[in-house]
2 protein chains.
Amino acid sequence: MDISIGELSRRAGVKVPTIRYYEGIGLMPETSRTEGKQRRYDATHVARLNFIRHARELGFEVEAIRELLDMSGQPDTSCEEADRIARRHLDEVDRRIAKLEALRGELTRMISECGHGRVAECRVIQVLADHDQCAHDRH
Amino acid sequence: MDISIGELSRRAGVKVPTIRYYEGIGLMPETSRTEGKQRRYDATHVARLNFIRHARELGFEVEAIRELLDMSGQPDTSCEEADRIARRHLDEVDRRIAKLEALRGELTRMISECGHGRVAECRVIQVLADHDQCAHDRH
DNA sequence: GGTCGTGCCTCCAGCACCTGGAGGTTCTAG
DNA sequence: CTAGAACCTCCAGGTGCTGGAGGCACGACC
């Protein structure tokens, strides 16, 4: 195969500047070029970029993806590390969900208590303004 | 009152460089200075910064906070706009939660199916590598 | 083989929201 | 008066891209 960066972009669903950015940070390898300096890719690059895209969609950080890619290149080693990375990330996702649920609760309450009158009585504004105690208590 | 930036930082729970940053982007006003050019604040600044911090904790974007601050300065106008901003943000939070829940499902499945053997059979790596079809189907 | 249009190249600036360091000045307690 | 903490400005960096400017390459068609 002999794929241009635009074609790779289409096949993997990743924008062209993003591919170049991934090359810059070492997630994608520097690849062979045409005489006119244009990048040429093959099927292995499509697979790698798909791997990266999917990991990003799952919210893995670039550092974690780097490690996962290294691992997938060593199929005979233990996958303990991959498991650890995934669990760590799951914990992080759980934390984010918990935090957002709490926000959602507060926002919902704020909105439902808003009497739709003047700003002076607006619950939304009040909650934001009056949080001195709460915030200090929790720290 | 006659508060230094460090004292303001402690009272509002916002780091000193962040306060200066907020001044730079216009969330906090430029304030009076001592002869030696050091910033001096009063109770209204503490309240304003608390408002900002709490709004940030609730995930409001800086632009939204700017609007909310403007509103809280006009207590006799309708709070319709505040309500709208809060609802818009709630929708956004709902979207983020939904997305994270989906991720959580996929991550949990991935981890539970991992046989803890070699990378070659690792479900975590496989899921990331084999998503060509899925991804293309959805587009 | 010339030309046209699209796609590619590099470089750099910007987004959101801070964070921290360097190098220098000011405040304040003892 | 002096020591040291806290302040000042300016600027670079971090995360993960994104897009524009200005210029060259590719390939299809005539």
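In what follows, every chain begins at residue 1, and chains take the letters A, B, ... in the order their sequences are listed. Atoms considered below: every heavy atom in the structure, side chains included; atoms not considered: hydrogens, waters and symmetry mates.
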Engineer: Does A/Lys15 have a side-chain nitrogen or oxygen under 4.0 Å from the phosphate oxygens OP1 or OP2 of D/dG16?
Structural biologist: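 No.
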
Engineer: How far apart are the C-alpha atoms of B/Met71 and B/Ile85, what are their side-chain angles, what is the distance that settles it, and do they pass the side chain to side chain contact (heavy atoms under 4.5 Å, CB included) test?
Structural biologist: CA-CA 11 Å; B/Met71 274 176 255; B/Ile85 291 173; 3.4 Å; yes

Engineer: Could you check whether any side-chain N or O of A/Ser9 sits under 3.5 Å from a backbone N or O of A/Val14, counting only pairs where one atom can act as donor and the other as acceptor?
Structural biologist: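 It does hold such a pair.
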
Engineer: Can you tell me the distance, in whole Å, between the NZ atom of B/Lys37 and the P atom of D/dC8?
Structural biologist: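 Whole-Å distance recorded here is 12 Å.
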
Engineer: Would you mind reading off the distance between B/Tyr21 atom OH and D/dC10 atom P, rounded to a whole angstrom?
Structural biologist: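 That distance rounds to 17 Å.
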
Engineer: Indicate yes or no for a side-chain donor-acceptor contact from B/Arg53 to the backbone of B/Ala12 under 3.5 Å, with no hydrogens or angles considered.
Structural biologist: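 Judged by distance alone, yes, a pair lies under 3.5 Å.
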
Engineer: Hey, does the side chain of B/Thr108 reach the backbone of B/Arg104 with a donor-acceptor pair shorter than 3.5 angstrom?
Structural biologist: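 Yes; judged by distance alone, with no hydrogens or angles, the pair exists.
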
Engineer: When you get a sec, tell me which of D/dT9, C/dC9, C/dC18 is the closest nucleotide to the side chain of B/Arg33?
Structural biologist: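 The answer is D/dT9, which lies nearest to the side chain.
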
Engineer: Without decimals, in angstroms, what is the distance between A/Arg40 CZ and C/dC9 C1'?
Structural biologist: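 These atoms are roughly 12 Å apart.
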
Engineer: Check the distance between C/dA16's P and B/Ile65's CD1 and give it to me in whole angstrom.
Structural biologist: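 Answer to the nearest Å: 13 Å.
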
Engineer: Rounded to the nearest Å, what distance is computed from the CD1 atom of residue B/Ile25 to the C1' atom of nucleotide C/dG14?
Structural biologist: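 One finds 15 Å between C1' of C/dG14 and CD1 of B/Ile25, rounded.
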
Engineer: Does a side-chain N or O of A/Thr34 approach OP1 or OP2 of D/dA25 to a distance below 4.0 Å, or not?
Structural biologist: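 Looking at the OP1 and OP2 atoms of D/dA25, neither is under 4.0 Å from any side-chain N or O of A/Thr34.
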
Engineer: Rounded to whole Å, please give me the gap between CD in B/Glu7 and C1' in C/dT26.
Structural biologist: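 To the nearest whole Å, that distance equals 18 Å.
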
Engineer: So what does A/Arg39 touch, heavy atoms closer than 4.0 Å: a base, only the sugar-phosphate, or nothing?
Structural biologist: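 Here A/Arg39 touches the backbone only, sparing every base.
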
Engineer: Considering every strand and a 4.0 Å limit on heavy-atom distances, what is the contact class for B/Ile5: base, sugar-phosphate, or nothing?
Structural biologist: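 Sugar-phosphate contact only - B/Ile5 comes under 4.0 Å of backbone atoms but never of a base.
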
Engineer: I want to check one thing: is the phosphate of C/dC17, taken as OP1 and OP2, less than 4.0 Å away from some side-chain N or O of B/Thr18?
Structural biologist: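 Checking C/dC17 against B/Thr18, no side-chain N or O comes under 4.0 Å of OP1 or OP2.
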
Engineer: Would you kindly give the CZ-to-C1' distance between A/Arg20 and C/dC11, to the nearest whole Å?
Structural biologist: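 These atoms are roughly 11 Å apart.
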
Engineer: Tell me the interatomic distance from B/Phe60, atom CZ, to C/dA16, atom P, rounded to whole angstroms.
Structural biologist: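 The answer, rounded to whole Å, is 18 Å.
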
Engineer: Determine: side-chain N/O of A/Arg53 to OP1/OP2 of D/dG16, distance under 4.0 Å, yes or no.
Structural biologist: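 No, because none of the side-chain N or O atoms of A/Arg53 sits under 4.0 Å from OP1 or OP2 of D/dG16.
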
Engineer: CZ/B/Arg87 to CG/B/Asp94 distance, rounded to the nearest 0.5 angstrom?
Structural biologist: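 Rounded to the nearest 0.5 Å, the CZ-CG separation comes to 12.0 Å.
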
Engineer: With respect to the phosphate group of D/dC17, does any side-chain polar atom (N or O) of A/Arg56 fall under 4.0 Å of OP1 or OP2?
Structural biologist: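 Yes, because at least one side-chain N or O of A/Arg56 sits under 4.0 Å from OP1 or OP2 of D/dC17.
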
Engineer: Would you say the side-chain atoms of A/His54 pair up with the backbone N or O of A/Phe51, donor to acceptor, closer than 3.5 Å?
Structural biologist: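 Checking the backbone N and O of A/Phe51 against the side chain of A/His54, no donor-acceptor pair under 3.5 Å is found.
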
Engineer: At less than 4.0 Å, is any side-chain N or O atom of B/Ser4 found next to OP1 or OP2 of C/dC27? Yes or no.
Structural biologist: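 Indeed not, no polar side-chain atom of B/Ser4 lies that close.
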
Engineer: Tell me whether A/Arg48 contacts the main-chain N or O of A/Leu27 through its side chain, where contact means a donor paired with an acceptor under 3.5 Å.
Structural biologist: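 Side chain of A/Arg48 to backbone of A/Leu27, a donor-acceptor pair under 3.5 Å: yes, one is there.
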
Engineer: At a heavy-atom distance below 4.0 Å, what parts of residues 85-93 of chain A sit against DNA chain C?
Structural biologist: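 Contacts with DNA chain C under 4.0 Å: none.
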
Engineer: Is A/Tyr22 close enough to D/dC17 that one of its side-chain N or O atoms is under 4.0 Å from OP1 or OP2 there?
Structural biologist: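 Yes, such a contact exists.
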
Engineer: Want to settle it: does B/Gly6 or A/Glu61 sit nearer the 5' end of DNA chain D, counting the closest nucleotide to each?
Structural biologist: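 Per heavy-atom nearest nucleotide, the more 5' residue is B/Gly6.
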
Engineer: Quick one, A/Tyr41 with A/Leu49, criterion side chain to side chain contact (heavy atoms under 4.5 Å, CB included). Give me CA distance, side-chain angles, the key distance, then yes/no.
Structural biologist: CA-CA 11 Å; A/Tyr41 297 95; A/Leu49 192 51; over 6 Å; no

